Amino acid sequence: MASSQNDLIAKARFSARECGGPGQDRCNFFNGPVQLVNTPVRVATRSAEFFPTANRLEFVDSEASRWIAPQRTLTDGASIPAIFVPIIGARRSPEFVNAAAMHDAHCGIGNETLPEYHSRTWEETHRMFYDALRAGGTEELRAKVMFAAVYLGGPRWQDDKRSLKHAPLRKMRRTMREARNYIMQTKPTPTRAEIELWIKRREPWILREDEDNVDGFHRVLRQASGTLADDPTGPGDQPADPGEGPTIPGDGCTFEGGCDPARGS
């Protein structure tokens with residue numbers, strides 16, 4: 001069982017292709033940085049303000065695939081799924097704006113009439129978001145935690161079997177806390193593909209109302225995969241303390257505790 005798990009992890013690591021940061025042959029924005037119209041737009045059911053883009057934005061991802069966010073794309077500036085705001089924080093920063101606009105064009109509320117909306121699969125779209133964050137200058141750990149939040153809590157269209165729309169919120173938050181810790185504490189840093197695998201293997205447990213503890217996690221995992229029963233990073237016996245969070249290097253912030261103005265913003 002352990003060897004099967006290691007084989008899958010190794011396969012994920014060596015088959016992964018992801019952006020490593022700005023200035024690579026791939027992972028480039030064109031017509032950037034995106035400019036936003038100063039007049040905010042209110043969208044029903046959302047408290048945040050949205051802003052239309054003033055220009056067309058293009059992006060080439062790590063797979064050399066081209067993405068487009070047309071003029072007048074509505075974006076809210078890289079806000080994460082609402083249920084994870086207490087864990088990660090509602091972050092807005094200049095290095096997020098291009099990635100946010102591109103992601104919103106393909107799955108963001110208010111953009112349903114765009115030809116780009118849901119034109120790719122949800123997984124392709126969330127992977128692109130990670131690449132775009134890195135191309136925009138977002139630090140690797142921060143980008144990977146943001147990717148995990150979108151992959152876990154973002155929309156999953158045309159995929160009812162893996163929909164988490166009705167998953168218990170306590171399990172979604174708990175899984176996000178553990179995903180954050182997994183990304184920040186694992187050495188070497190997990191690849192994007194490994195983060196996907198980590199989340200995917202927990203989805204059957206997330207959807208089970210009657211399996212809250214670590215024994216329940218392993219029982220559901222055995223039923224779902226058979227060969228991947230022993231997972232040392234499964235849910236702990238107690239939920240993580242929501243008042244604590246690892247610090248992102250270089251920005252003076254914790255995901256849950258906000259920023260210390262003396263250290264960064």
Side-chain angles (χ1 to χ4, degrees), residues 8-30 32 34 57-69 73 75 78-81 84 88 91 95-109 111 114-159 161-165 172 175-176 179-180 182-184 186 188-203 206:
L8 276 177
I9 292 175
K11 181 179 179 181
R13 176 173 293 280
F14 290 112
S15 66
R17 181 180 292 164
E18 61 185 52
C19 289
Q24 295 190 325
D25 292 338
R26 299 181 182 181
C27 303
N28 284 306
F29 283 101
F30 300 89
V34 69
L57 182 69
E58 297 184 25
F59 177 64
V60 175
D61 66 15
S62 58
E63 298 291 337
S65 182
R66 185 173 291 270
W67 300 73
I68 296 171
T73 294
T75 182
S79 61
I80 61 168
F84 298 146
I88 298 178
R91 306 252 179 222
E95 68 263 30
F96 301 164
V97 65
N98 285 348
M102 193 62 64
H103 192 254
D104 287 341
H106 288 81
C107 66
I109 188 169
N111 294 310
L114 296 181
E116 290 78 13
Y117 186 82
H118 289 185
S119 61
R120 313 283 184 96
T121 69
W122 68 267
E123 288 184 293
E124 290 171 332
T125 301
H126 298 339
R127 290 168 189 153
M128 175 275 295
F129 179 63
Y130 172 78
D131 282 347
L133 285 171
R134 294 291 284 134
T138 304
E139 188 272 334
E140 182 182 11
L141 288 178
R142 180 189 291 278
K144 285 184 172 175
V145 174
M146 292 177 70
F147 165 71
V150 169
Y151 191 90
L152 177 62
R156 296 184 171 196
W157 54 94
Q158 299 176 0
D159 194 355
K161 290 183 178 180
R162 293 187 61 195
S163 173
L164 298 177
K165 184 182 298 185
M172 292 288 283
T175 302
M176 187 61 232
R180 174 201 61 194
Y182 162 67
I183 292 165
M184 298 186 69
T186 301
T189 301
T191 64
R192 184 183 60 189
E194 288 172 331
I195 295 167
E196 288 186 34
L197 177 63
W198 189 96
I199 293 173
K200 186 174 183 179
R201 294 180 57 222
R202 282 152 181 78
E203 291 171 8
I206 293 171

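Owing to the predicted nature of the structure, the values given are computational and were not obtained by experimental measurement.
Here the closest heavy-atom approach between residue A101 and residue A69 is recorded as O-CB, 3.8 Å. For the residue pair L164 and I206, the shortest heavy atom distance occurs at CD2-CG2, 4.3 Å. Counting all heavy atoms, side chain and backbone alike, A135 lies closest to F29 at CB-CE1, 4.0 Å. The shortest non-hydrogen separation linking A105 to N111 is N-ND2, 4.1 Å. Contact between I195 and P190 at its shortest, heavy atoms only, is CG1-CB, 4.0 Å.
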In sequence, state the C-alpha distance, the side-chain angles, and the governing distance for S62 and R127, and then conclude on side chain to side chain donor-acceptor pair (under 3.5 Å).
-> CA-CA 9 Å; S62 58; R127 290 168 189 153; over 6 Å; no
Hey, mind stepping through R192 and F147 against side chain to side chain contact (heavy atoms under 4.5 Å, CB included) and telling me if it holds?
-> CA-CA 8 Å; R192 184 183 60 189; F147 165 71; 3.5 Å; yes
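With sequence neighbours left out, Y130 forms a ring pair (Phe, Tyr, Trp, His ring centres under 6.0 Å) with no residue at all. Looking at residues two or more places apart in sequence or on another chain, you find a side chain to side chain contact (heavy atoms under 4.5 Å, CB included) between S163 and K165. Checked against ring pair (Phe, Tyr, Trp, His ring centres under 6.0 Å), Y117 has no partners two or more places apart in sequence or in another chain. Listed by chain and number, the residues in a ring pair (Phe, Tyr, Trp, His ring centres under 6.0 Å) with H106 are W67 (sequence neighbours excluded). For E95, the side chain to side chain contact (heavy atoms under 4.5 Å, CB included) partners at least two apart in sequence or on another chain are S93, T138. Taking the salt bridge (charged side-chain N to carboxylate O under 4.0 Å, His left out) definition, one finds that E58 meets it with R56, R66, sequence neighbours left out.
Using a cutoff of 4.0 Å between basic side-chain nitrogens and carboxylate oxygens, R201 and E196 are not scored as salt-bridged. In summary, R162 and E123 engage in a salt bridge, as defined by a charged side-chain N under 4.0 Å from a carboxylate O. Taking a cutoff of 4.0 Å between a charged side-chain nitrogen and a carboxylate oxygen, E18 and R134 do not qualify as a salt bridge.
Using cut-offs of 30° and 60° for the angle between ring planes, the H103 and H126 rings count as tilted.
A cation-pi geometry, defined here as NZ or CZ lying under 6.0 Å from the six-membered ring centre and within 45° of its normal, does not hold between R26 and F59. Annotation: cation-pi pair R202/W198 present, NZ/CZ under 6.0 Å from the ring centroid and within 45° of its normal.
Considering only heavy atoms from C-beta on, T175 stays 4.5 Å or farther from I199 through its side chain. Between R120 and S65 there is a side-chain heavy-atom pair separated by less than 4.5 Å. Residues F96 and L133 form a side-chain contact, since some pair of their non-hydrogen atoms from C-beta on lies under 4.5 Å apart. Counting heavy atoms from C-beta outward, Y151 and W122 have side chains that approach closer than 4.5 Å.
Note that CD1 of I68 is 10.0 Å distant from CG of L57, once rounded to the nearest 0.5 Å. Here N28 contributes atom CG and D131 contributes atom CG; the two are 11.0 Å apart, rounded to the nearest 0.5 Å. Within the model, atoms CG of L141 and OG1 of T186 stand 10.0 Å from one another, a figure rounded to the nearest 0.5 Å. The structure places CD of E194 at 11.0 Å from CD1 of I183, a figure rounded to the nearest 0.5 Å. K144 NZ to T191 OG1: the interatomic distance, rounded to the nearest 0.5 Å, is 6.0 Å. To the nearest 0.5 Å, atoms CG (L152) and CZ (R156) are separated by 6.5 Å.
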